[in-house]
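Below: the structure, in structure tokens.
Here is how names work: the chains are called A, B, and so on, in the same order as the sequence lines, proteins then strands, and each is numbered from 1.
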2 protein chains.
Amino acid sequence: MATRTDAPTRREQILKEAARLFAERGFHGVGVDEIGAAVGISGPGLYRHFAGKDAMLAELLVGISGRLLTGARRRLEEAGGVSAPEAVLDSLIEGHIDFALDDRPLITLHDRELDRLRDTDRKLVRQLQRQYVELWVGVVRELYPELAEPAARSAVHSVFGLLNSTPHLTRPGSLPGRAGTAELLHRMARGAFAAAGSR
Amino acid sequence: MATRTDAPTRREQILKEAARLFAERGFHGVGVDEIGAAVGISGPGLYRHFAGKDAMLAELLVGISGRLLTGARRRLEEAGGVSAPEAVLDSLIEGHIDFALDDRPLITLHDRELDRLRDTDRKLVRQLQRQYVELWVGVVRELYPELAEPAARSAVHSVFGLLNSTPHLTRPGSLPGRAGTAELLHRMARGAFAAAGSR
DNA sequence: CAGGGAGGTTAGCGGTCGTTAACCTGGAGG
DNA sequence: CCTCCAGGTTAACGACCGCTAACCTCCCTG
């Protein structure tokens, strides 16, 4: 994994703060002045970097969906073919958990502010999300062949709900650290799939 | 269960439509004129029934949290003592699923628009939610005594995430009907808890 | 049958918000 | 050293939105 070491671009600062604010108070609940203030510039200065407030949300959501899908495809081809479907599923779960734990604001936005996008952007995000889901569905059905496709798809959505619950586990110190949380979530996801796949 | 047969109050109509609209486009994304239009009156007519837009959201959220907690307490004392903890947990899961399937907009609002409330209302809702969670935690720990309390609480939150994923299963016709969905969610929730509780 | 309140209506005020316009400035390049 | 542009600034506009004011109209009741 190529870890970034150079300083973040101003654009990246803005996106990061915008994501945090959008997740905290909702897209309509945040003003451009607040986003600007969060990165040390004021209001209209943002328009040197983005066409508008909508454009920030669009870039965030497309970016999230794209990164999720790309990561899942990489994991699939890295572990696919050479491994049992259990290992592939474990890898997918691990990737999603990493994402949910490291980018909570983005995970929150991901299924909350989709309808605020322009038609064209929303369709793109929906398409990326759908591909991501179908990729999971394929792996799950390989592991639990007796699971019908609609049920498998519902199960995948539900497990996403489970994994994306991390923003609600916000109380720091109460839970057994990042590693412990990740392991707990992982076990629960596997348990949920196993229960869904048992007839 | 005492089923309502009389016509819904105008207040109830408003609350129902407001819940739907808030869930669809977010609290700040919906204008009072839209809410009014959804019940056939226009804009300011709402103020004959509510003190303001905030008051509608507050009544919705307090109502949800209260009904969830009340229902859970009733189920606990109906099934508690006379039944094994498994039966109690099943009853809690069933109640939550009924709620998630029958009142999707409310379930969506429940963890999405809490921060838009006035301090006093938000504290009340948080308190009700916390009591609901703790009630689950108690039952879960009774069933899986080896599960530490923080882990049990995380597990409960995660299962809520799983059960509350129903708004994402919106495609009608794709899933095997309400009963099938309920049963699938139930099995997955039990599987997730079992996996969390296994050392 | 008078009267009054419940439940509407439209007009409009005041504040907020996204966006644009016009201007400024420091630093890199010829 | 001049120039120019990237990246800021403040002012202000126009739209929208929550809410109030003022008014209207049934319908129920004494």
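- Salt bridge Arg178(B)/Asp98(B): present, at least one basic N to carboxylate O contact under 4.0 Å.
- Atom CG in Asp54(B) sits about 16 Å away from atom P in dC17(D), given to the nearest Å.
- Picking from dG18(D), dT9(D), dT19(C) the nucleotide with the shortest atom distance to the side chain of Lys53(B) gives dG18(D).
- Counting to the nearest Å, the P atom of dT9(C) and the CZ atom of Arg48(B) are 10 Å from each other.
- Taking only side-chain atoms of Tyr47(A), from C-beta outward, the nucleotide of dT9(D), dA21(D), dG18(C) with the closest atom is dG18(C).
- In this structure, Arg130(B) places its CZ atom where only 12 or fewer heavy-atom neighbours from other residues, nucleotides or ligands lie under 6.0 Å away.
- A salt bridge does not link Asp33(B) with Lys53(B): none of the charged nitrogens is closer than 4.0 Å to a carboxylate oxygen.
- Among the protein residues, Gly31(A) comes within range of the sugar-phosphate backbone only, with heavy atoms under 4.0 Å from sugar or phosphate atoms but none that close to a base.
- Rounded to whole angstrom, the span from the CZ atom of Phe22(B) across to the C1' atom of dG18(D) amounts to 12 Å.
- The distance from atom NE2 of His28(B) to atom P of dT16(C) is 13 Å, rounded to the nearest whole Å.
- Considering only the side chain of Ile41(A), dG8(D) comes nearest among dG18(D), dG8(D), dG8(C).
- The interatomic distance linking Asp33(A) (CG) with dG18(C) (P) rounds to 8 Å, in whole Å.
- Under the salt bridge (Lys or Arg N to Asp or Glu O under 4.0 Å) test applied with Arg126(B), the options Asp115(B), Asp119(B), Asp121(B) reduce to a single match, Asp115(B).
- Among the atoms of the strands shown, only primed sugar atoms or phosphate atoms (P, OP1, OP2) are found under 4.0 Å from some heavy atom of Gly52(A).
- Look at Arg10(B) and you'll find a side-chain N or O under 4.0 angstrom from OP1 or OP2 of dG8(C).
- Ion pair Glu17(B)/Arg20(B) flagged as a salt bridge, since at least one NZ, NE, NH1 or NH2 atom sits closer than 4.0 Å to an Asp/Glu carboxylate oxygen.
- Taking every side-chain heavy atom of Pro44(A) into account, dT10(D) is the closest of dT10(D), dA22(C), dA11(C).
- Remark: His49(A) is in phosphate contact with dG8(D), judged by side-chain N or O atoms under 4.0 Å from OP1 or OP2.
- When heavy atoms are screened at a 4.0 angstrom cut-off, Val39(B) is found touching no nucleic acid atom at all.
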